[in-house]
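In this chain, numbering begins with 1 at the start of the sequence shown. Note that ligands are numbered from 1 as they come in the structure, with each ligand's atoms numbered from 1 the same way.
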Amino acid sequence: MMLSPDINQIHAVIMNNRLGKFITLEGIEGAGKSTHMPFIAALLKKAGREVILTREPGGTALGEEIRKTLLMQKSLEINGDTELLLMFAARAQHLKGVIYPALAQGKTVLCDRFTDSSYAYQGGGRGVAIDKIHRLEQWLHADLKPDLTFLFDLPVKVGLSRANARKHIDRFESEAVSFFQRVREAYLDLANTNPERIRIINAEADIKSVQKTIVMLLKEQGLC
Ligand code: TYD
């Protein structure tokens, strides 16, 4: 009897051999992701890569609507499980509509936050069981991990004072310092268990030294 190939296995093989790279940026509020994203994109483009810049939650029309609900409605009560499911609902749309197609076309996807944020914020911050996050990850993108993740790390108080200096404070930014301590710790745990993929950047350093580290890490990975 001929065994028919499993479509998920075929997908996994394609994703592992893809030319396009998937790079994500992570960190607590005020860590400087948005400052460094255009710099990273410029380096990748200079190296001849076609780069798509995107973000989570968001990146699609529906995802941006979900983002508004999650971030802008400060007084809206959303429990941890619901928050997690909304993050993954936006992610499902983003994966199918943007990330997978771009990677399949050999483009490099530079994404401001991805599933590590769910582990850090919903898992670490809100205390949602890690197994629930793992099951959603397995369901939606078992075959896809970022090739490289920059974790911009800095003390919570420094990050929050930077973020609070901005005009608008969103639903997450209104959380207590202890929430962000848990988020930061969860991020550092993730980096410890995935040292090859997740590279910690000291985000307290000045912009020039952070940029130097970024160039070094991209070169090390043959990405620029
Ligand atoms: P952020 O990336 O900090 O955007 P800005 O720089 O515009 O403030 O905002 C996104 C927020 O969403 C951030 O507080 C973290 C949160 N988030 C989660 O809690 N879980 C997730 O899975 C993702 C992707 C984001």
Requested in this report: Could you list the atoms of ligand 1 found under 4.0 angstrom from a heavy atom of Asp170?
Outcome: 8 (O)

Requested in this report: Report yes if Arg55 has an N/O atom closer than 3.5 Å to an N/O atom of ligand 1; otherwise report no.
Outcome: no

Query raised in the report: Which of these, Glu175, Glu29, Gln122, has its nearest heavy atom closest to atom 20 (N) of ligand 1?
Result: Gln122

Query - Exercise: identify the closest heavy-atom pair between Ser118 and Met87 - result: OG-CB, 4.2 Å

Report task. State if Lys33 counts as touching ligand 1 under the rule of any non-hydrogen atom under 4.0 Å. Result -> yes

Query raised in the report: Which one of Leu25, Leu95, Ile23 satisfies the side chain to side chain contact (heavy atoms under 4.5 Å, CB included) criterion with Phe114?
Result: Leu95

Requested in this report: Return the set of residues passing salt bridge (charged side-chain N to carboxylate O under 4.0 Å, His left out) with Arg135 (not counting sequence neighbours), or none when no residue passes.
Outcome: Asp131

Query raised in the report: For atom 1 (P) of ligand 1, which of Arg113, His94, Arg166 has the closest heavy atom?
Result: Arg113

Query raised in the report: Among Glu26, Arg67, Met37, Met87, which residue places a heavy atom closest to atom 21 (C) of ligand 1?
Result: Met87

Query raised in the report: Quick one: does Lys96's side chain have a donor or acceptor within less than 3.5 Å of a partner on Pro101's backbone?
Result: no

Query raised in the report: Are any side-chain N or O atoms of Asp170 and backbone N or O atoms of Glu173, one a donor and one an acceptor, separated by less than 3.5 Å?
Result: yes

Report task. Determine whether the side chain, the backbone, both or neither of Pro57 has a heavy atom under 4.0 Å from any heavy atom of ligand 1. Result -> both

Requested in this report: Could you tell me how the ring of Tyr121 sits relative to the ring of Phe172: parallel (under 30°), tilted (30 to 60°) or perpendicular (over 60°)?
Outcome: perpendicular

**Report entry** Expected output: side-chain Arg171 to main-chain Met72 donor-acceptor under 3.5 Å
**Finding:** no

Query raised in the report: Going by the atom numbers of ligand 1, which of them fall below 4.0 Å from some non-hydrogen atom of Glu173?
Result: 8 (O)

**Report entry** Contact atoms of ligand 1, heavy-atom distance to Phe172 under 4.0 Å
**Finding:** 11 (C), 12 (O), 14 (O), 16 (C), 19 (O)

Requested in this report: Check each atom of ligand 1 against the heavy atoms of Glu56 and keep those under 4.0 Å away; list them by number with element.
Outcome: 24 (C)

Query raised in the report: Does an N or O from Tyr121, backbone or side chain, lie closer than 3.5 Å to an N or O of ligand 1?
Result: no

Requested in this report: Go through Thr82 and Asn79 one step at a time and tell me if the side-chain hydrogen bond (donor to acceptor under 3.5 Å, both in side chains) criterion holds.
Outcome: CA-CA 5 Å; Thr82 311; Asn79 73 52; 3.0 Å; yes

Query - Proximal candidate to atom 6 (O) of ligand 1 [heavy atom criterion; set Gly27, Ser117, Ser34] - result: Ser34

Query raised in the report: With backbone taken as N, CA, C and O and side chain as the heavy atoms from C-beta onward, which portion of Glu83 lies under 4.0 Å from ligand 1: side chain, backbone, both, or neither?
Result: neither

Requested in this report: Examine Tyr187 together with Tyr119 and report whether their ring centres are nearer than 6.0 Å.
Outcome: no

Query - Proximity to ligand 1 by part of Leu71, non-hydrogen separation under 4.0 Å - result: side chain

Report summary line: among protein heavy atoms, the one nearest atom 22 (O) of ligand 1 is Ser118 OG, 2.6 Å

Without placing hydrogens or testing angles, list every side-chain donor-acceptor pair under 3.5 Å for residues 43-62, not counting sequence neighbours.
residue : atom : partner : partner atom : Å
Arg49   : NE   : Leu223  : O            : 3.4
Arg49   : NH1  : Thr108  : OG1          : 3.2
Thr54   : OG1  : His94   : NE2          : 2.7
Arg55   : NE   : Glu64   : OE2          : 3.1
Arg55   : NH2  : Glu64   : OE1          : 2.6
Glu56   : OE1  : Arg91   : NE           : 2.6
Glu56   : OE1  : Arg91   : NH2          : 2.9
Glu56   : OE2  : His94   : ND1          : 2.8
Thr60   : OG1  : Gly63   : N            : 2.8

